[in-house]
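Within every chain, numbering begins at 1; the chains are lettered A, B, ... in the order of the sequence lines, protein sequences first and strands thereafter.
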2 protein chains.
Amino acid sequence: MEKYLNILKSVALFKGINQGDLQSLLACLSAKLVNYDKGQIIFMSGESIKSFGIVLAGQVQVVQEDYYGNKNIIANIGTGNLFGESFAFANIKTLPVSVFTTTASVLLFIDSHRIVAPCSKACAFHSRLIYNMLNIVALKYISLTQNIEIITKRSTREKLLAYLSAEAHKAQSTRFSIPFNRQELADYLAVDRSAMSAVLSQLRDEGVLKFNKNQFELC
Amino acid sequence: MEKYLNILKSVALFKGINQGDLQSLLACLSAKLVNYDKGQIIFMSGESIKSFGIVLAGQVQVVQEDYYGNKNIIANIGTGNLFGESFAFANIKTLPVSVFTTTASVLLFIDSHRIVAPCSKACAFHSRLIYNMLNIVALKYISLTQNIEIITKRSTREKLLAYLSAEAHKAQSTRFSIPFNRQELADYLAVDRSAMSAVLSQLRDEGVLKFNKNQFELC
DNA sequence: TCCACTTTGTTGTAAATCCAACAGACCTAT
DNA sequence: ATAGGTCTGTTGGATTTACAACAAAGTGGA
């Protein structure tokens, strides 16, 4: 656990908590560290979920999948970020999404009721943890509305431009890399991969953008 | 305020709070009751937001609108439900959506920092309020993922069937009414209204469903 | 290195969507 | 009752997308 302290102290859930208290707090929360290989399933849609995770290393994806394998990527979770917390705190019976690793990852799991239920040692932290969690879930909600803003564009071209502009804005540069390969990007934008590839090439030919693998540049 | 007590006691935010304490709690939170006509703007995208609302009567819509008037309906909020809370608790500078009434409405506004900040009278309630709020925002997040599940269907036909099935499920009946007119439904599904109308007629001709105005029946 | 596998781009065709324009039905207010 | 406005369904043509099939490039393991 010690080697991840630097990441842990930057996790939004622990904002406002003294760094020195972190170790004992984590012990008190019964936080569990687990290593995963690439492509492993963490949560499976349909199961019930009582804990959430924090990515200490690697990357995980939250995806929706319907009866006939139509996949949609809800979120891409990188180092220092949480996943599953909205589902855990909504007290729902069956998970509507699946979560899996896209790279080898180190994940920290915490039972959601440990956050809520006061305990002998960490009581002082609980109200702060719950407030932080509220903040995190609210931000995730907003992030989803921004997903929707992109997905609801009427054409593949507009979707691509909206997404790439948002990524450029995030990276604060016209050059940036995206966390998706082509198929994943198509799933994210809810379009056909080959059709999207054609539109990408068209945009390249028009001089609007350049790309190489997952490196993009808006011109 | 008294005439809305029946609704207030069913509001998820006040779950677990003694009905008799509700009046004083609301006073303590400086809750403000406001009447609105149909079609009035409550929150405008771009402004900063510090309070959230509760619908005591009527209905409001949360919409996204881009540069060229392409509208997308994020959520439809009916009696007893909250709006704006995710944006208020995310502490963001500018609101990415607008909120307006679709019918004459009675709304209750509460400052978000009043929920968080303890006060002399209602202290005992705050931790419960924050926990309830976390639960509400988490549920809204899930509701958005279900929106996305519908929106990301590849064809208008699939979107309609997914949406109408979900509504039928909610109503626990094959007959149900929807809170949208045709243009709003098209905005919600992110498709062209006239094209959607054509698909609806096609489904009717195939005997899959019947409809009259906003009354639908799945066959 | 070589082979199998994955990823990406390309192309052609069929199908679906957008868009604009319009007509009839339906309000609503005078 | 009527006139103006809104809502809904219909249609046709231009555009876009999905789908399938394939080739080229890249990747990883034996």
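Regarding B/L203, its CG atom lies at a distance of 12 Å from the P atom of D/dG9, rounded to whole Å. Taking atom CE of B/M196 as the reference point, atom P of D/dT10 lies 12 Å away to the nearest angstrom. Atom P of nucleotide D/dA18 and atom CZ of A/R182 are separated by 16 Å, given to the nearest angstrom. If you take CD of A/Q183 and P of C/dT6, they are 13 Å apart, rounded to a whole angstrom. Rounding to whole angstrom units, NZ of residue B/K213 and P of D/dC7 are separated by 11 Å. The distance from atom CD of A/E158 to atom P of D/dT16 is 11 Å, rounded to the nearest whole Å. Atom CG in A/D192 sits roughly 21 Å away from atom P in D/dT15 (whole-Å rounding). Between A/K38 atom NZ and C/dT6 atom C1' there is a gap of 10 Å when expressed in whole angstrom units.
Contact check, B/T156 against C/dT17: a side-chain N or O comes under 4.0 Å of OP1 or OP2. Of the side-chain N and O atoms in A/K153, none sit less than 4.0 angstrom from OP1 or OP2 of D/dT17. An OP1 or OP2 oxygen of D/dT8 is reached within less than 4.0 angstrom by no side-chain nitrogen or oxygen of B/R193.
Of the possible polar contacts, none joining the B/S105 side chain to the B/Y36 backbone as a donor-acceptor pair under 3.5 Å is found.
Side chain of A/V191, nearest nucleotide from C/dG9, C/dT17, D/dA18: D/dA18.
Among the heavy atoms of the strands lying under 4.0 Å from B/F211 are primed sugar atoms or P, OP1, OP2 only; no base atom is included. Residue B/S155 is classed as a sugar-phosphate contact, given heavy-atom separations below 4.0 Å to backbone atoms only.
Atom CD of B/Q202 has more than 12 heavy atoms from other residues, nucleotides or ligands within 6.0 Å.
Residues A/T102 and A/Q59 have side chains that bring a donor and an acceptor to within less than 3.5 angstrom of each other.
Taking the six-membered ring for Trp and the full ring otherwise, the centers of B/Y163 and B/Y188 sit less than 6.0 Å from each other. Ring pair B/F87/A/Y141: centre-to-centre distance below 6.0 Å.
If B/S194 and B/R154 are placed on DNA chain D by their nearest nucleotide, the residue sitting closer to the 5' end is B/S194. Remark on DNA chain C: of its neighbouring residues B/A190 and A/S201, the 5'-side contact belongs to A/S201, judged by nearest-heavy-atom nucleotide.
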